[in-house]
Amino acid sequence: MKKTVSLLLLIILVFSAQATNTLRDTIFINSVEKLAKYAQKSHVLVKMKPGEYAINSIKIGELSIFKYSEKNSKKGDFRIGSLIHFSGNNSQYFLNGVTLNIDGKLHDNYPKSEFSEFLVSGNNNYIEGLKGKDVGSHVPANRVQMLRVMGDDNTIKNADLFVHGSTPYGYGHLLGKGGNALVPLHKHSVLLVEGSNTKLLGCKVVTHAYGHGIFMQGAVNTLLRDCYVEGKMRPTNEMLAETSGLAFDVDFKSDYPPGKILPNEIKSLSEDGIRAYPSGGLSGRRTQGVTVINCTVKNMRSGFDLSANLPPTKIAGSTAIGCQEKGFSIGTDGVIEDSKGDALYGPLITFVGNDVKNCKVDLELVDTVSEYNVSRLVEINGTGHHITIRNYQNKKRSIESPIVFGESFWDDVHRYRNPDAAEGSYAGAENIKLFNYTGMPVKLNDLSVNCIVTNSRQKQKIINAGIGGNSTNDLLKRVDKDVIAKKPDLVIMMVGTNDMLNTRKLNDYKTYTANLETLIKKIKSSGSELVLMSPIPADSVYLFSRHDKVLFSETPNMKIDAIGNIVKTLAAENNVHFYDLNAEFKALNLPIHNQDMLIRNEKNSGKKDGVHPTALGYRFMAQNVHYFLKEHRLLKPNQNIICFGDSITRGGREGQNYPAYLNELITQ
């Protein structure tokens with residue numbers, strides 16, 4: 001049933017929460033004491049005066065006691081200290097221009113409980129512009145997070161969080177990260193989500209502490225969009241040169257194979273950038289449903305580690321830079337698309353175990369390399385995956401590293417800790433399709449069964465005959481050369497955006513109709529099957545920034561709708577296929593000015609466009625067109641297809657256009 005894009009539609013429908021001031025007076029405040037007071041109120045709208053504020057007394061906060069759910073394996077009370085506790089419901093807080101400087105000495109408090117500098121236990125709150133900064137490097141008495149979201153339906157927008165103070169800091173995870181660590185652990189993470197339907201929008205996280213950037217425990221349906229996480233790296237040679245300190249005190253032993261800190265490596269000093277744990281929170285429930293859009297992680301242990309949560313899992317338009325252990329990792333039924341990473345210090349992607357199934361991955365490999373050896377470029381385990389890896393901007397990596405099946409860092413760790421475990425206990429790859437367009441070597445070991453590797457692009461079944469700026473006048477001039485002479489079996493044609501919206505190419509409806517009918521008759525008479533598509537809607541705000549509004553007697557989308565009806569009518573009259581692609585965008589109420597992810601705008605691409613799709617938009621088009629072709633039995637073996645049209649058909653750089661994505665779907 002329709003469609004492979006269903007998960008994508010759910011993502012696109014989630015947009016930035018908008019605070020409403022209806023029937024609510026604005027409360028203006030100018031102190032952290034008042035912020036702490038109103039954070040506990042429900043149904044308030046609070047704006048704080050911009051400026052720098054110091055939090056240097058634990059008295060501003062409180063110790064809160066919650067009850068574990070009956071379903072939680074943990075029983076009794078959960079105790080947590082905080083400085084600012086947003087415990088009210090249905091409130092909005094606007095903290096733009098406010099910086100809250102937190103005295104690191106406050107981390108010494110609450111030694112018998114957890115501590116969150118900012119705690120959100122209330123529901124349906126909107127918090128914008130929260131900027132927190134740790135001052136000093138005092139080690140916490142217990143585990144600390146700067147921001148913890150326990151409640152449901154909360155939106156955190158444009159938070160800017162900097163943390164400092166933890167132990168062990170300076171060695172990454174080499175001295176341990178959990179039980180049986182070589183030294184005591186006093187971690188300081190940044191942002192923890194435990195509630196349902198949490199939205200993190202435009203949040204920035206910088207950590208100079210040992211702990212995670214953004215992580216989820218027991219969270220359900222979490223959206224991260226336009227977020228950024230950054231840590232710091234350190235060479236192991238610097239650690240080995242120390243003459244005192246934690247590593248020196250344990251004789252430079254390590255909790256990871258081979259049991260000691262090795263020279264000539266580099267480690268992240270923090271933990272994972274965006275991470276999901278299997279379960280957590282007061283309910284002890286499973287973590288489920290994580291969507292990550294247009295996020296970046298830099299210099300963390302792992303970039304995006306979403307291997308432990310229940311599906312659906314989606315990573316789109318995101319980037320991993322300089323991550324040590326892996327750039328990406330997902331669990332069963334996970335999807336990664338339109339994303340990239342540099343594999344600078346570790347694998348681009350890792351499937352951590354042999355129990356991960358049916359993932360769909362499309363990643364680009366950035367060609368950046370470093371002096372540190374990457375022993376495995378990709379670590380593939382599990383069953384039934386479909387993986388495509390291509391070079392970013394068509395630039396090949398200068399240093400070769402292998403793509404490996406049936407191996408992983410975590411298999412190495414498990415076998416180090418459990419040397420008697422049978423081979424294949426933790427790693428193995430079966431029934432996996434890899435499309436490797438990187439030029440890097442592939443290694444299939446004895447734990448690889450029925451895996452198919454394609455190391456070169458399959459024969460192009462689709463010709464992209466789109467040219468930017470073309471109207472029906474232009475298509476008439478080149479249809480013989482670019483279409484009919486090539487004798488295609490099937491032609492997919494979409495034209496009209498320039499006829500109606502480009503003030504240098506405008507045609508009236510009569511001319512457009514006559515031109516289109518001539519094109520239809522010429523293509524049909526050549527013996528090719530023909531699919532006509534209605535042009536997609538446009539964002540008028542951006543359109544009128546470069547085209548004179550005075551020249552339009554109707555709104556742009558009224559004109560697009562009108563020619564859509566013309567296309568439909570001509571298709572019926574000439575007995576050719578018609579696909580209403582315009583309706584697919586309208587079904588999502590797109591475009592939404594500077595918000596949606598399918599039509600290029602300043603938010604998703606930095607471009608005041610409003611007409612051309614993003615890479616995600618082109619995938620959306622391809623998936624819908626592919627479904628239409630299959631539904632109408634228009635796909636046949638050894639078939640040649642031409643996509644004929646303007647710049648919306650032509651698309652962007654190599655591979656980012658709907659004909660290219662459609663070709664992938666067909667050849668697969």
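Since we're looking at a predicted model, the values are computed, not measured.
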Check the angle between the aromatic planes of Tyr126 and Phe94 and answer parallel, tilted or perpendicular using the 30° and 60° thresholds.
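Plane angle between 30° and 60°, so tilted.
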Check the angle between the aromatic planes of Tyr542 and His593 and answer parallel, tilted or perpendicular using the 30° and 60° thresholds.
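Rings of Tyr542 and His593: tilted, 30 to 60°.
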Of all pairs that satisfy side chain to side chain donor-acceptor pair (under 3.5 Å), the ones with a partner from residues 548-558, not counting sequence neighbours
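Only Tyr509-Glu554 qualify under side chain to side chain donor-acceptor pair (under 3.5 Å).
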Contact check, side chains of [X] and [Y], non-hydrogen atoms, under 4.5 Å:
X      : Y      : value
Asn221 : Ser196 : no
Leu570 : Glu573 : yes
Thr649 : Asn657 : no
Ile641 : Pro488 : no
Thr569 : Phe578 : no
His386 : Phe435 : yes
Asp480 : Lys522 : yes
Lys559 : Phe552 : yes

[X]: partners by side-chain hydrogen bond (donor to acceptor under 3.5 Å, both in side chains), with sequence neighbours left out:
X      : result
Lys586 : Asp561
Lys477 : none
Asn101 : Glu52
Ser647 : His612

With [X], which residues qualify under side-chain contact (heavy atoms from CB on, under 4.5 Å), at least two apart?
X      : result
Ser91  : Val44, Tyr93, Asn125
Asn30  : Lys34, Lys49, Tyr53
Thr614 : Arg600, Asn604, Leu616

Over 12 non-hydrogen atoms of neighbours within 6.0 angstrom of NZ in Lys608
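Counting neighbours around NZ of Lys608, 12 or fewer heavy atoms of other residues, nucleotides or ligands fall under 6.0 Å, so no.
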Backbone N/O of [Y] and side chain of [X]: donor-acceptor pair under 3.5 Å:
X      : Y      : result
His632 : Phe628 : yes
Thr513 : Thr511 : no
Asn594 : Lys603 : yes
Arg546 : Asp609 : yes
Asn464 : Arg650 : yes
Asn663 : Pro659 : no
Asn123 : Asp152 : yes
Ser528 : Lys524 : no
Ser534 : Leu581 : yes

Check: [X]/[Y] side-chain N/O donor and acceptor closer than 3.5 Å:
X      : Y      : result
Asn515 : Thr518 : no
Glu128 : Asn96  : yes
Asp153 : Asn124 : no
Arg478 : Asn470 : yes

Straight-line distance of [X] [atom1] to [Y] [atom2], nearest 0.5 Å:
X      : Y      : atom1 : atom2 : value
Asn391 : Gln393 : CG    : CD    : 10.5 Å
Ile563 : Leu501 : CD1   : CG    : 7.5 Å
Ile29  : Lys47  : CD1   : NZ    : 12.5 Å
Leu348 : Arg397 : CG    : CZ    : 9.5 Å
Lys314 : Leu223 : NZ    : CG    : 13.0 Å
Met493 : Cys643 : CE    : SG    : 12.0 Å

Passes side-chain contact (heavy atoms from CB on, under 4.5 Å), Val229 versus Met300? Steps please.
CA-CA 8 Å; Val229 181; Met300 298 294 284; 4.1 Å; yes
Can you check side-chain contact (heavy atoms from CB on, under 4.5 Å) on Ile156 and Cys203, steps first, answer last?
CA-CA 8 Å; Ile156 312 297; Cys203 295; 4.1 Å; yes
I need the single residue from Glu364, Lys298, Lys340 that forms a side-chain hydrogen bond (donor to acceptor under 3.5 Å, both in side chains) with Thr319. Which is it?
Lys340
List the steps, then state whether side-chain contact (heavy atoms from CB on, under 4.5 Å) holds for Glu584 with Met621.
CA-CA 9 Å; Glu584 301 289 356; Met621 289 174 62; over 6 Å; no
Begin with the C-alpha distance, continue with both residues' side-chain angles, and end with the deciding distance and a verdict on side-chain contact (heavy atoms from CB on, under 4.5 Å) for Phe644 and Leu519.
CA-CA 11 Å; Phe644 193 38; Leu519 286 165; 4.3 Å; yes
Report the C-alpha distance between Asp362 and Arg390 in whole Å, list the side-chain angles of each, state the deciding distance to 0.1 Å, and finish with yes or no for salt bridge (Lys or Arg N to Asp or Glu O under 4.0 Å).
CA-CA 8 Å; Asp362 193 329; Arg390 67 191 82 242; 3.0 Å; yes
Partners passing salt bridge (charged side-chain N to carboxylate O under 4.0 Å, His left out) against [X] (at least two apart in sequence or in another chain):
X      : result
Glu529 : Lys636
Lys505 : Asp474
Asp272 : Arg275, Arg301
Asp367 : none

In this structure, which one of Leu598, Ile536, Asp539 forms a side chain to side chain contact (heavy atoms under 4.5 Å, CB included) with Leu590?
Leu598
Of all heavy-atom pairs linking Ile523 and Val483, the shortest is CG1-CG1, 4.4 Å
Report yes if the distance between the aromatic ring centroids of Phe304 and Phe328 is under 6.0 Å, otherwise no.
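Between Phe304 and Phe328, the centre distance is under 6.0 Å.
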